[in-house]
2 protein chains.
Amino acid sequence: MRTVKQAIAYFYDKHKRMPTFSEIAEMTGYKSKSAVSYALDGLIKEGFVKKDAKGNLIPGRLDPVRVLGLVEAGFPSPAEEELSDTMSLDDYLIENREATFMLKVKGDSMVEAGIHDGDMILVERGGKYREGSIVVAEVDGEWTVKYLRKSKGKAFLEPANQEYDPIYPKDSLVVAAVVKAVIRKY
Amino acid sequence: MRTVKQAIAYFYDKHKRMPTFSEIAEMTGYKSKSAVSYALDGLIKEGFVKKDAKGNLIPGRLDPVRVLGLVEAGFPSPAEEELSDTMSLDDYLIENREATFMLKVKGDSMVEAGIHDGDMILVERGGKYREGSIVVAEVDGEWTVKYLRKSKGKAFLEPANQEYDPIYPKDSLVVAAVVKAVIRKY
DNA sequence: ATTATATTAGAACGTTCGTTCTAATGCAAC
DNA sequence: GTTGCATTAGAACGAACGTTCTAATATAAT
């Protein structure tokens, strides 16, 4: 039999909604909703789950990722682990969902900025940028990711790789989106 | 007034649960649950939301990130945009939530692998690794992120930076976790 | 203007929800 | 063994759920 915590986490992961009391009872082996109700009181105090203004069950500390500190600090003991902050990567990385897109990077023109061939970038369309921002831009009809620079009031793009040259627009340079994050999955 | 789509997306983002029909009605200006019910029929056909086996509303294509292709392909038109695949970064990056942690990297010993000072790494404790994997390990009491290498049957750690030397364990080398992803937020 | 079609409001319905009460059971301390 | 406390089962409850029906309204086509 699963613990209540495991059951809720598993269910939420799988169904993208919180389980009902009956469903929790079924998963954990409880034979009454009331037992679940009392068990949940504890988890609510603990912050593992919450109830919103309408009394509906919502996730508390059951976001998928546990956030630790520096690598040098190593891993916590199982007891400390329970107390780790949790986080959703979606919430961490996305500010404006309507404007956020994921794109794949080809080539090594930004390697010195830590953006490698095949990396995914999270970009925000219409996001704020300034000189030095990494942007997705359309220069004379071609789309690229580069540093945005300015010289004598004119904008141009600069790669992060010695072997490539800066790109000075002949006709047009339109900044379409700003790179907000880089994600590389192994 | 918001459209039904906007209302649901907003509500799900904010409350981490799907709204009820009444709540959708309130947000969109509908004055009856039945109108919402019929409106949802369309969105279900479209795949924007779904119903699970028990008839409960669950997210369909309202994951927070729209996935495009290569940077070179640029952005789609608003019409095509509607059809873009969506994704949750949590689902994309996390396989085993129980074993997944996020850590912060200090130093530049892995820059040539595209891991910079201040980057976050997603690691899986007890994950499978082999020679060449980037791992979080404890060597003689010190925690670090490095390439795992082998020489004459003995494991050692190799930085991705010319200026650093490989680390050959005096007493012990324990691989605690495998780096599954690198995340850099600007 | 008339007709046909789609959309919306409102009420009614059965179902399921979470809470709460009482009673039974399990467990620990003494 | 006995007492006291916490946990669980089961039933009952009102509230809210989503569906469905009918009637009214809006929209479009002719």
Side-chain angles (χ1 to χ4, degrees), chain A residues 1-64 78-79 82-83 86 88, chain B residues 1-64 78-79 82-83 86 88:
Chain A
M1 280 301 154
R2 272 180 280 224
T3 68
V4 178
K5 278 192 187 183
Q6 290 170 341
I8 295 176
Y10 173 81
F11 192 99
Y12 188 70
D13 255 28
K14 188 174 175 192
H15 294 89
K16 308 293 178 196
R17 67 170 172 89
M18 291 300 259
T20 66
F21 285 33
S22 309
E23 285 163 341
I24 296 174
E26 207 172 321
M27 289 187 285
T28 53
Y30 279 117
K31 289 173 185 166
S32 69
K33 292 187 294 173
S34 62
V36 174
S37 177
Y38 293 121
L40 279 180
D41 286 346
L43 297 189
I44 289 170
K45 273 212 186 74
E46 203 183 297
F48 183 74
V49 291
K50 297 178 184 175
K51 289 196 179 171
D52 63 15
K54 286 186 68 180
N56 296 64
L57 214 57
I58 54 172
R61 218 161 357 82
L62 60 79
D63 287 322
E82 272 293 295
L83 303 171
T86 65
S88 156
Chain B
M1 280 302 154
R2 271 179 281 224
T3 69
V4 177
K5 278 193 188 183
Q6 289 169 342
I8 295 177
Y10 173 80
F11 192 99
Y12 188 69
D13 255 26
K14 188 175 175 192
H15 294 88
K16 307 292 179 199
R17 68 170 173 88
M18 292 299 259
T20 65
F21 285 34
S22 309
E23 286 163 340
I24 297 173
E26 207 172 319
M27 290 187 284
T28 53
Y30 279 118
K31 289 173 185 166
S32 69
K33 294 187 292 175
S34 62
V36 174
S37 177
Y38 293 122
L40 279 179
D41 286 346
L43 297 189
I44 289 170
K45 274 213 186 75
E46 205 182 295
F48 182 75
V49 290
K50 297 178 184 175
K51 289 198 180 171
D52 62 15
K54 286 187 68 181
N56 297 63
L57 214 57
I58 54 172
R61 219 161 357 82
L62 58 80
D63 287 322
E82 273 294 295
L83 303 171
T86 65
S88 156

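Reckoned from all heavy atoms, side chains included, excluding hydrogens, waters and symmetry mates. Note that the structure is a prediction, hence the values are computed from the model and not measured. Per chain, numbering begins at 1; letters A, B, ... match sequence-line order.
Inter-residue side-chain proximity for Ile24(B) and Ile8(B) is flagged as met; some heavy-atom pair is nearer than 4.5 Å. For the pair Asn56(A)/His15(B), no side-chain contact is recorded, criterion being any heavy-atom separation below 4.5 Å from C-beta on. Using a 4.5 Å heavy-atom threshold, the side chains of Thr20(B) and Lys54(A) count as touching.
Across the protein-nucleic acid pair, Leu40(A) atom CG and dG18(C) atom P stand 9 Å apart, rounded to whole Å. Computed from coordinates, the Tyr30(A) OH to dG26(C) P distance equals 15 Å when rounded to whole Å. For Glu26(A) and dC17(C), the CD to P distance is 10 Å, given to the nearest whole Å. Across the protein-nucleic acid pair, Arg17(B) atom CZ and dA16(D) atom P stand 13 Å apart, rounded to whole Å. Atom-to-atom, CE of Met18(A) to C1' of dC17(C) comes out at 15 Å; the value is rounded to the nearest Å. Distance, Lys54(A) NZ to dA15(D) C1': 11 Å, rounded to whole Å. Here dG18(C) presents its C1' atom at 11 Å from CD1 of Ile44(A), a figure rounded to the nearest Å. The nearest whole Å value for the distance from the NZ atom in Lys31(B) to the C1' atom in dT8(C) is 10 Å.
Checking Leu40(A), Ile58(A), Ile44(A) one by one against Lys51(A), the side chain to side chain contact (heavy atoms under 4.5 Å, CB included) holds for a single residue, Ile44(A). When each of Met18(B), Lys5(B), Lys50(B) is checked for a side chain to side chain contact (heavy atoms under 4.5 Å, CB included) with Leu62(B), only Met18(B) meets the rule.
Here the side chain of Ser37(B) pairs no donor or acceptor atom with the backbone of Lys33(B) at under 3.5 angstrom.
Between Tyr12(A) atom OH and Asp63(A) atom CG the span is 7.5 Å, to the nearest 0.5 Å. Taking CE of Met27(A) as the start and OG1 of Thr3(A) as the end, the distance is 10.5 Å to the nearest 0.5 Å.
The environment of Phe11(A) atom CZ is dense: over 12 non-hydrogen atoms of other residues, nucleotides or ligands sit within 6.0 angstrom.
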Interface polar pairs with nucleotides 18-24 of chain D, N/O, under 3.5 angstrom:
| unit_1 | atom_1 | unit_2 | atom_2 | d |
| --- | --- | --- | --- | --- |
| dG18(D) | OP2 | Phe21(B) | N | 2.9 |
| dG18(D) | N7 | Lys33(B) | NZ | 2.7 |
| dG18(D) | O6 | Lys33(B) | NZ | 3.1 |
| dT19(D) | OP1 | Lys51(B) | NZ | 2.2 |
| dT19(D) | OP2 | Lys51(B) | NZ | 3.4 |

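Rounded to 10 degrees, the angle separating the terminal helix axes of the helix from dA1(C)-dT30(D) to dC30(C)-dG1(D), each built from five base pairs, is 40°.
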